Number of protein chains: 2
Amino acid sequence: MRRTPTMKDVARAAGVSVMTVSRAFKRDTSVGEETRKRIHAAADDLGYVFDSMAANLRSQRSHFVAVTIPSLNNANFAATVEAMTARLGAAGYQVLLGHTGYDILREEELIAEFLSRRPEAVIVTGGRHTPRARSLLSNAGVPVVETWDLPDDPIGHVVGFSNAACMDLLVDHLAGQGYVRIAFIGGDAGGDTRGADRRRGFVAAMQARGLDATRLIRAGQPPISMHEGAAAMAYLLDKAPDTEAVICVSDLSAFGALTECQRRGVSVPDDIAIAGFGAYDIAGICVPTLTTVDPCPAQIGDRAADLVLTLIETPGGPAVARIEPVLKIGQSTTRDP
Amino acid sequence: MRRTPTMKDVARAAGVSVMTVSRAFKRDTSVGEETRKRIHAAADDLGYVFDSMAANLRSQRSHFVAVTIPSLNNANFAATVEAMTARLGAAGYQVLLGHTGYDILREEELIAEFLSRRPEAVIVTGGRHTPRARSLLSNAGVPVVETWDLPDDPIGHVVGFSNAACMDLLVDHLAGQGYVRIAFIGGDAGGDTRGADRRRGFVAAMQARGLDATRLIRAGQPPISMHEGAAAMAYLLDKAPDTEAVICVSDLSAFGALTECQRRGVSVPDDIAIAGFGAYDIAGICVPTLTTVDPCPAQIGDRAADLVLTLIETPGGPAVARIEPVLKIGQSTTRDP
DNA sequence: GCCTGTAATGTTATCGTTATCAGCCAAGGC
DNA sequence: GCCTTGGCTGATAACGATAACATTACAGGC
């Protein structure tokens, strides 16, 4: 069994010291043009593959950035991560991605695992964590960024927005269109703290306008699916048929709700208006298009990545980068004049 | 600036040697119950975090499994990865996930980066790679699994299915319902080789039944979106209004096509039938529900993970695990009797 | 010719953990 | 009393790279 070659083997083959080989594999280091070529030729010849593990240990730089998101199967978190990966990758960092399943206990485990890989920064989603997770992150000695939220008591840095304020945008829009009896469809209280924040934001926004905020449908364990959105809409149409508009915790559940209306011959928006959250592709193409709020996920990724890159160079005190979500009005809440 | 503590610090604090500390952090090693407790207490006290980097270097085991997928923003790849992560995580492995953007050059870079982290196995999506990527993987000395495809010339192991055969399932179903003038909507020839395989499979399936296979709409750079599916359907309805059925390269483009019909008042399936691929959530809830093919993404993840775990223990010769995709008939292709 | 500067290369000592082997001690068999 | 056995612990030397410093060679200024 052939052992995988090391720098030593390459050095021997090229007739130089290992140090020169090491230098030949880096940029901005002085190695003769001739020598460098010879070394790379020898390396290719031997099938040498650089060993980051050893390099990381000696240089105490892992070039990892740990990132946790609740779920891989979510276009918005995916967009955030893709944006991060692009920026961090360009700067020579590798993203170590994990998903928590919306479970802060699982998040804690994941953070512990990740920290043992000595990432140079950690980016987490949301502002709620277990005490041990908080403590691990605080003591990790690397920049920590919380995203997709504006925590009351941040661990370190923040790149996010107020989920509650997004609901204010929607309620404002609906109230402006003259809707009064407005319902909310979301998940049960559970792991999805951003969903729970939006529910709270809905209640606050309604109360601030003197509107009844008791039409709250709990549609199952969050995050709720299209099917659960449909079931919730069925329940709503049966139990509170005088409802004029409904805000769903996400576009996916909103679309499910829309399909239930279609199956029943209930017209949207003439009989009932529907709004969602997230600006998923589907909101822009379904018939009618859905009113929603765009949380600018790629912007979150970009900003978080930039922040991390800055902080790795020059550590700095906590900062909050506020993202401004954008109301996108669709056909599903547009009342005929 | 306080240096992060090492085993040496823990050993000193607990009054034992570093070796004993090392043992105390593993299972199945003989350390006195008293001593173990004392060591863990000292570790917690100091805020010690185990350093995998050093452990990996010495033990020559990274506990990484590298996984590449074309895109994060895809429910099916996400399902595959979530299934893998669950199994591999339970066995103590960490998934190193990267996305290629459907670009085999980017895939090559990613594979090179990943290999320098010394993963214990590599799982890639699809069977088309650059020559250098193939060579890197072949020489890596670790198990390699290709998924989501049945490559003609596999690098190592395979867990996949025939994308072309899936189209045969759909054409068979449509032809059985009496449809004759059937079109295909897909992306331009490009990075999405599985989409291209499905296009080829469509042509083959049509020709095998003596049907005209020339209604091929190219809807843009793959993977095509809902919007591109809608635009392609608009084109099809304009240029070939006698088309009776259309198969789309994915459910997402199929849904886009469906919305275009809704906007035009074209009835599905009465005026035109639509089928997709992927069994995404949306196919099961939109009105009408879409006929599709379920590639069983979670099963792919499970099987690939099991295979990798077996191979890490006892390397074995190449094997092919064939997944059988399942036709799911929806309302969108059901002709009235 | 001597000094200084700079580019290219080499030497040595680690980074933090674990593999390996050796040592110690108590219990038990003869 | 001596040897074996097994449970626990320690000493030492790596794993494969790089930081830090040392060395060499050669050019140019005086």
Side-chain angles (χ1 to χ4, degrees), chain A residues 2-40 42-43 46-64 92 113 115-120 140-141, chain B residues 2-40 42-43 46-64 92 113 115-120 140-141:
Chain A
R2 193 167 44 81
R3 191 176 48 83
T4 111
T6 72
M7 273 195 180
K8 208 154 152 189
D9 302 310
V10 177
R12 195 178 2 253
V16 293
S17 72
V18 282
M19 201 56 231
T20 305
V21 178
S22 174
R23 280 192 271 253
F25 275 90
K26 308 246 160 288
R27 272 176 270 276
D28 309 329
T29 44
S30 59
V31 176
E33 202 46 48
E34 278 296 296
T35 319
R36 175 172 251 131
K37 264 191 212 134
R38 193 152 35 92
I39 289 171
H40 278 110
L46 292 170
Y48 170 71
V49 176
F50 184 84
D51 188 333
S52 299
M53 257 164 33
N56 295 344
L57 175 60
R58 174 62 240 229
S59 65
Q60 295 291 76
R61 304 213 42 188
S62 65
H63 294 281
F64 271 134
E113 279 178 43
L115 287 180
S116 83
R117 304 278 183 183
R118 294 289 187 267
E120 300 191 36
Chain B
R2 192 167 43 83
R3 191 178 48 82
T4 109
T6 73
M7 274 194 181
K8 210 155 149 186
D9 302 310
V10 178
R12 193 174 7 248
V16 294
S17 70
V18 281
M19 202 54 234
T20 305
V21 177
S22 173
R23 280 191 271 253
F25 274 90
K26 307 248 160 286
R27 271 176 272 276
D28 307 330
T29 43
S30 58
V31 176
E33 201 46 47
E34 277 297 296
T35 319
R36 174 171 252 131
K37 264 191 212 134
R38 191 151 37 91
I39 289 171
H40 278 109
L46 292 169
Y48 170 72
V49 176
F50 185 83
D51 187 333
S52 298
M53 258 165 33
N56 295 343
L57 175 61
R58 174 63 239 227
S59 64
Q60 295 292 76
R61 303 213 46 188
S62 65
H63 294 281
F64 270 135
E113 279 178 43
L115 287 181
S116 82
R117 304 277 183 182
R118 295 291 189 267
E120 300 191 36

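Chain letters run A, B, ... following the sequence lines, proteins first and then strands; every chain starts at 1. Computed over heavy atoms, backbone and side chain alike; hydrogens, waters and symmetry mates excluded. What you see is a predicted model; the values in this text were computed from it and never measured.
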Enquirer: Determine whether any donor atom in the side chain of B/Arg58 lies under 3.5 Å from an acceptor atom in the base of C/dT17, or the reverse, and answer yes or no.
Expert: no

Enquirer: Can you tell me the distance, in whole Å, between the CZ atom of B/Arg61 and the P atom of C/dA19?
Expert: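 Checked: the CZ to P distance equals 10 Å.
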
Enquirer: Among D/dA19, D/dA17, D/dG10, which nucleotide has an atom closest to any side-chain atom of A/Met19?
Expert: D/dA19

Enquirer: Of the candidate nucleotides D/dA19, D/dG16, C/dG10, which contains the atom at the shortest distance from the side chain of A/Val16?
Expert: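 The listed nucleotide nearest to A/Val16's side chain is C/dG10.
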
Enquirer: D/dA17 P sits how many Å from B/Met53 CE, rounded?
Expert: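 Those two atoms, CE and P, are 14 Å apart.
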
Enquirer: I need the CZ-C1' distance between B/Arg12 and C/dG16, as an integer number of Å.
Expert: 14 Å

Enquirer: Would you say that B/His63 contacts B/Ser52 through its side chain, given a criterion of any heavy-atom pair below 4.5 Å between the two side chains?
Expert: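 With C-beta onward as the side chain, the pair stays apart.
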
Enquirer: Among C/dG16, C/dA19, C/dG10, which nucleotide sits nearest the side chain of B/Leu57?
Expert: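 Out of C/dG16, C/dA19, C/dG10, the nucleotide with an atom closest to B/Leu57's side chain is C/dG16.
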
Enquirer: Whole angstrom is fine here: how far is it from CZ in A/Phe25 over to P in D/dG16?
Expert: 15 Å

Enquirer: Taking atom types as they are modelled, is there a donor-acceptor pair under 3.5 Å from the base of D/dG10 to the side chain of B/Arg23?
Expert: yes

Enquirer: On the 0 to 90° scale, with breaks at 30° and 60°, tag the A/Phe25-A/Phe50 ring pair as parallel, tilted or perpendicular.
Expert: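 Plane angle between 30° and 60°, so tilted.
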
Enquirer: Determine: side-chain N/O of B/Thr20 to OP1/OP2 of D/dT9, distance under 4.0 Å, yes or no.
Expert: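 Indeed not, no polar side-chain atom of B/Thr20 lies that close.
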
Enquirer: Given D/dA17, is OP1 or OP2 found less than 4.0 Å from the side-chain N or O atoms of A/Gln60?
Expert: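 No, because none of the side-chain N or O atoms of A/Gln60 sits under 4.0 Å from OP1 or OP2 of D/dA17.
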
Enquirer: OG1 of B/Thr6 to OH of B/Tyr48: how many Å apart, nearest 0.5 Å?
Expert: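 That separation rounds to 7.0 Å.
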
Enquirer: How close or far is atom C1' of C/dC15 from atom CG of B/Asp51, stated in whole angstroms?
Expert: 9 Å

Enquirer: Among D/dG16, C/dG16, C/dT9, which is the nearest nucleotide to the side chain of B/Thr6?
Expert: C/dG16

Enquirer: When you get a sec, tell me which of C/dT17, C/dT11, D/dA17 is the closest nucleotide to the side chain of A/Ser17?
Expert: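 My answer, after comparing the listed nucleotides, is C/dT11.
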
Enquirer: In whole angstrom, give the distance that lies between atom NZ of A/Lys26 and atom C1' of D/dA19.
Expert: 12 Å

Enquirer: Give one of base, sugar-phosphate or nothing for B/Tyr48, where a contact means two heavy atoms less than 4.0 Å apart.
Expert: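 Sugar-phosphate only.
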
Enquirer: Any idea which heavy atoms bring A/Ala11 and A/Val18 closest together, and the distance?
Expert: CB-N, 3.7 Å

Enquirer: Closer to the 5' end of DNA chain D via nearest nucleotide, is it B/Gly15 or A/Lys8?
Expert: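 Of the two residues, B/Gly15 wins.
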
Enquirer: Output the single nucleotide from C/dA19, C/dT17, D/dA17 whose closest atom is nearest the side chain of B/Ala55.
Expert: C/dT17

Enquirer: Both B/Thr35 and A/Met7 contact DNA chain D. Taking the nearest nucleotide for each, which residue is further toward the 5' end?
Expert: B/Thr35

Enquirer: Considering non-hydrogen atoms only, spot the tightest contact between A/Val31 and A/Ala24 and give its length.
Expert: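 The answer is CG2-N, 3.9 Å.
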
